[in-house]
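Notes to accompany the following structure.
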Amino acid sequence: MITPENEAAGGPERLEDGDEVGRVIVSEADLQARIVELGDRITADYAESPPLLVGVLKGAFMFMSDLSRAVALPVDVDFMAVSSYGSATRTSGVVRIVKDLDMDLADRHVLVVEDIVDSGLTLSYLQRYLLARSPASLEVCALLVKEGQQRTELDLRYVGFHIPAEFVVGYGLDVDERLRNLKAIHAYAGSLS
Ligand code: IMP
Ligand code: MG
């Protein structure tokens, strides 16, 4: 918001300049370039059978928006929202479905679009949940995978970037619901509870 006070100081402070926003882990340009590559691969792999993209809210909303436009096929899009019990920054692996899918998965080629895989427990739960709905196939496209954190064996067909095991924000990812609208992935520089 432009107020008389900040206008005098040259405009509102940019989100990127806040104390909590640390160094860039994946730049906006690298994100966009990689999403084009992922979109091309998905377009080739699913040419005969356009997938149903299932985005996991809220973190994947921005990735879903860009990835879906990078796929040159008539895809369908649906979302589910899950919340994992545990602290703000650590999952317990117990997942609650907050919003279920609107679409029937039977005989559909389903591609789950995830923001980040940390322990992998959320995704592992989701895969079991979705497989029970009898899709024709089920694959995962994860934008980010944290190195060395996975506590379960996961089969990830498409991965954007492997990143160091630190807490990150931006491009959909939050800390306590904040900082999702940063254009790049940044390290979180505030204090974690
Ligand atoms: P997992 O079950 O440990 O793999 O955690 C998965 C979920 O935790 C993700 O879908 C995110 O919502 C959240 N998460 C894990 N790491 C981060 C992070 O570094 N920043 C923001 N959210 C994260
Ligand atoms: Mg989250």
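Computed from heavy atoms alone, side chains included, the values below leave out hydrogens, waters and symmetry copies. Remember, it's 1-based here, ligands and their atoms both numbered in the order they're listed. Quick caveat, the model's predicted, so the values are computed rather than measured.
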Subset of ligand 1 atoms that lie under 4.0 Å from at least one heavy atom of Thr122: 1 (P), 2 (O), 5 (O), 6 (C)
Any Asp174 heavy atom less than 4.0 Å to ligand 1: yes
Could you establish whether Gly120 and ligand 1 come within less than 4.0 Å of each other, counting only heavy atoms on the residue side? yes
Quick one, Asp45 and Glu139 - any side-chain contact, counting heavy atoms below 4.5 Å? no
Crowding at CD, Glu177 (>12 non-hydrogen neighbours, <6.0 Å): yes
A student checking ligand 1 against Ser119 at a 4.0 Å heavy-atom cut-off should list atoms 1 (P), 2 (O), 3 (O), 4 (O)
Side chain or backbone of Asp115 under 4.0 Å from ligand 1, or both, or neither, by non-hydrogen atoms? side chain
With a 4.5 Å cut-off on side-chain heavy atoms, are Ile42 and Leu111 touching? yes
Between Lys99 (side chain only) and Phe79 (backbone N and O only), is there a donor and an acceptor less than 3.5 Å apart? yes
Mode of Leu173 contact toward ligand 1 - side chain, backbone, both, neither (heavy atoms, under 4.0 Å): side chain
Is there a donor-acceptor contact under 3.5 Å linking the side chains of Tyr171 and Asp66? yes
contact_flag Leu123 ligand 1 heavy-atom lt 4.0 Å: no
With heavy atoms of Lys146 as the reference, note each atom of ligand 1 found under 4.0 Å away. 16 (N), 17 (C), 18 (C), 19 (O)
Heavy atom of Leu121, distance to ligand 1 below 4.0 Å: yes
Do Val117 and Leu154 come close enough that some side-chain heavy atom pair is under 4.5 Å? yes
Whether the side chain of Ser65 engages the backbone of Phe61 through a donor-acceptor N/O pair (distance < 3.5 Å, no angle test) should be reported. no
Do any heavy atoms of Glu114 fall under 4.0 Å from ligand 1? yes
